[in-house]
Q: 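Here it is: the structure, laid out below.
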Amino acid sequence: MKDNSDKIIAEKILQFITSLSDKKVLEIGCGNGRITSFLADKTKKLIAIEPDFKKIKEAKDNISGVTFQIGSGEKLAFANASFDLVIFTLSLHHQDSEAALAEAFRVLTEEGEILIIEPTIEGEVQRAFSLVSSENQELINAQDAVKNSGLKTQNYEMFNAAWSFDGKGDLCQSIFDFYNEPFDDQIAAEIINLIGTKAENESIELSDELVIQFLKKKT
């Protein structure tokens with residue numbers, strides 16, 4: 001499996017935020033630093049949090065210039081008005097979205113901004129992966145939380161990345177491995193049926209549909 005979304009997401013962030021060099025930035029849900037690494041040398045200060053200890057340790061071991069901390073977006077260990085920019089990198093739907101947005105709002109400066117990147121439920125990747133472990137309701141809840149947050153949408157864009165697999169066997173096994181689930185022949189057959197004629201290709205590419213939202217406090 002090859003996922004090119006990290007670089008594409010980082011490039012999209014840099015398109016939306018033209019200058020990070022003067023900003024103190026908080027990344028919520030950094031994982032192992034897969035996107036953080038592209039931003040590490042672009043900001044005035046970058047703090048990245050993640051609740052998974054193993055992932056934070058991996059990020060610390062491989063990325064310099066970033067302060068990595070164990071933490072959850074639902075309860076941020078930072079003072080009010082601490083950051084110029086808060087970024088949710090594919091993480092808003094993995095937590096209580098309303099609580100996380102309220103906390104992000106709290107730690108923002110008055111002119112601060114929030115950037116959210118989330119997958120949509122319509123993309124090929126999400127539809128295939130949801131057959132093993134569906135996050136569709138969580139994704140819907142996250143978008144509802146954004147609408148009800150009281151934040152002003154400055155910019156909004158849908159874009160695509162791609163995940164590549166070495167045939168249908170790699171595709172199915174990779175999805176089960178992603179969720180640490182045992183292989184299930186029936187679900188694998190549903191995945192193959194979903195992607196249709198692509199299943200016959202030696203190399204299978206699925207589109208990952210993503211949305212980026214740039215939000216500010218309403219004045």
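The figures here come from the full heavy-atom set of this structure, side chains too, leaving out hydrogens, waters and symmetry mates.
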Q: For Ser37 and Ile63, which heavy atoms make the closest approach, and how far apart are they?
A: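 Of all heavy-atom pairs spanning Ser37 and Ile63, the closest is CB-CD1, 3.9 Å.
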
Q: Answer with yes or no whether the side chains of Glu118 and Gln213 bring together a donor and an acceptor at under 3.5 Å.
A: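 Side chains of Gln213 and Glu118: no pair found under 3.5 Å.
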
Q: Same cluster or not: are Phe214 and Val146 linked, directly or through other Ile, Leu, Val, Met, Phe, Trp or Tyr residues, by side-chain heavy atoms under 4.5 angstrom apart?
A: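 No, Phe214 does not connect to Val146 through the hydrophobic network.
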
Q: Under a 4.5 Å cut-off applied to non-hydrogen side-chain atoms, are Ile13 and Ile9 in contact?
A: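 Result yes, sub-4.5 Å side-chain heavy-atom pair found.
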
Q: So how far is it from Leu151 CG to Ile116 CD1, rounded to the nearest 0.5 Å?
A: 7.5 Å

Q: Testing the basics here: between Lys24 and Ser82, what is the closest heavy-atom pair and its distance to 0.1 Å?
A: CD-O, 3.2 Å

Q: Among the clusters formed by ILVMFWY side chains lying less than 4.5 Å apart, do Phe38 and Ile8 turn up in the same one?
A: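 Different clusters.
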
Q: Ring-plane angle category for Phe83 and Phe78, please: parallel below 30°, perpendicular beyond 60°, tilted otherwise.
A: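 Aromatic pair Phe83/Phe78 classed perpendicular.
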
Q: List for me each residue that meets side chain to side chain donor-acceptor pair (under 3.5 Å) alongside Lys7, sequence neighbours excluded, and say none if there are none.
A: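 Residues passing side chain to side chain donor-acceptor pair (under 3.5 Å) with Lys7: none at all.
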
Q: Please list, one pair per line, the donor and acceptor atoms closer than 3.5 Å that link side chains of residues 175-192 to other protein atoms, with sequence neighbours excluded.
A:
residue: Asp177; atom: OD1; partner: Gln173; partner atom: NE2; Å: 2.9
residue: Asp184; atom: OD1; partner: Gln186; partner atom: N; Å: 2.9
residue: Asp184; atom: OD1; partner: Ile187; partner atom: N; Å: 2.9

Q: State, with a plain yes or no, whether a side-chain heavy atom of Leu92 is found less than 4.5 Å away from one of Leu101.
A: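 A side-chain contact exists here, since the closest heavy-atom pair is under 4.5 Å.
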
Q: Quick check: do Gln137 and Ile140 have side-chain heavy atoms less than 4.5 Å from each other?
A: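 The answer is yes, as the side chains (C-beta and beyond) meet within the 4.5 Å cut-off.
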
Q: Would a hydrophobic clustering, with Ile, Leu, Val, Met, Phe, Trp and Tyr connected at side-chain separations under 4.5 Å, put Leu215 with Phe88?
A: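 In one cluster: yes.
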
Q: Measuring from atom OG1 of Thr36 to atom CD1 of Ile47, what distance do you get when rounded to the nearest 0.5 angstrom?
A: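 If I round to the nearest 0.5 Å, the distance is 12.5 Å.
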
Q: Ignoring hydrogens, what is the shortest heavy-atom contact between Ala40 and Val66? Give both atom names and the distance.
A: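 Closest pair (atom of Ala40, atom of Val66, distance): CB-CG2, 3.6 Å.
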
Q: How close do Gln126 and Ile121 get, heavy atom to heavy atom, and via which atoms?
A: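 Smallest heavy-atom distance, with atoms named: CG-CA, 3.9 Å.
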
Q: Does CD belonging to Gln69 count more than 12 external heavy atoms closer than 6.0 Å?
A: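 Atom CD in Gln69 is crowded, with more than 12 foreign heavy atoms closer than 6.0 Å.
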
Q: In the structure I gave you, are the side-chain heavy atoms of Leu46 and Leu20 within less than 4.5 Å of one another anywhere?
A: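 No; the side chains remain at least 4.5 Å from each other.
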
Q: Between Asp170 (side chain) and Phe165 (backbone), is there a donor-acceptor pair under 3.5 Å?
A: no

Q: Any heavy-atom pair between the side chains of Ile17 and Ile87 that's under 4.5 Å?
A: no

Q: The test is side-chain contact (heavy atoms from CB on, under 4.5 Å); show your working for Lys168 and Lys198 and say whether it passes.
A: CA-CA 9 Å; Lys168 58 187 178 183; Lys198 285 187 176 183; over 6 Å; no

Q: How long is the gap from NZ on Lys45 to CG on Asp84, to the nearest 0.5 Å?
A: 12.5 Å

Q: When rounded to the nearest 0.5 angstrom, what is the spacing between CZ in Phe68 and NZ in Lys60?
A: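 Result: 9.0 Å between the selected atoms.
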
Q: Any idea which heavy atoms bring Pro119 and Leu90 closest together, and the distance?
A: CD-CD2, 3.8 Å

Q: Locate the shortest heavy-atom distance separating Ser91 from Gly29; write the atom from each residue and the value.
A: CB-CA, 3.7 Å

Q: Within the 4.5 Å heavy-atom criterion, are Glu50 and Glu27 side-chain neighbours or not?
A: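 Glu50 vs Glu27: side chains apart.
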
Q: Using 0.5 Å steps for rounding, measure from the CG atom of Leu39 to the SG atom of Cys30.
A: 11.0 Å

Q: Does atom NZ (Lys55) have a neighbourhood of more than 12 heavy atoms from anything else shown, all under 6.0 Å?
A: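 Check fails, neighbour count at 12 or below.
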
Q: Could you give the side-chain donor-acceptor pairs of residues 203-211 under 3.5 Å, partners two or more places apart or in another chain?
A:
residue: Ser207; atom: OG; partner: Asn160; partner atom: OD1; Å: 2.9
residue: Asp208; atom: OD2; partner: Trp163; partner atom: NE1; Å: 3.1
residue: Glu209; atom: OE1; partner: Thr120; partner atom: OG1; Å: 2.6

Q: In this structure, would Ile28 and Leu115 fall into the same cluster of hydrophobic residues linked by side-chain contacts under 4.5 Å?
A: no

Q: State plainly whether one hydrophobic cluster holds both Tyr156 and Ile114, where clusters connect Ile, Leu, Val, Met, Phe, Trp and Tyr through side-chain heavy atoms under 4.5 angstrom apart.
A: no

Q: Which value, rounded to the nearest 0.5 Å, describes the distance between Glu113 atom CD and Phe16 atom CZ?
A: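 Going from CD on Glu113 over to CZ on Phe16, the span is 12.0 Å.
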
Q: Within the 4.5 Å heavy-atom criterion, are Leu85 and Thr43 side-chain neighbours or not?
A: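 The answer is no, as the side chains (C-beta and beyond) never meet within the 4.5 Å cut-off.
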
Q: Is the shortest side-chain N to carboxylate O distance from Arg106 to Glu103 below 4.0 Å?
A: yes

Q: So do Lys42 and Leu14 actually touch side chain to side chain, heavy atoms under 4.5 Å?
A: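 The answer is yes, as the side chains (C-beta and beyond) meet within the 4.5 Å cut-off.
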
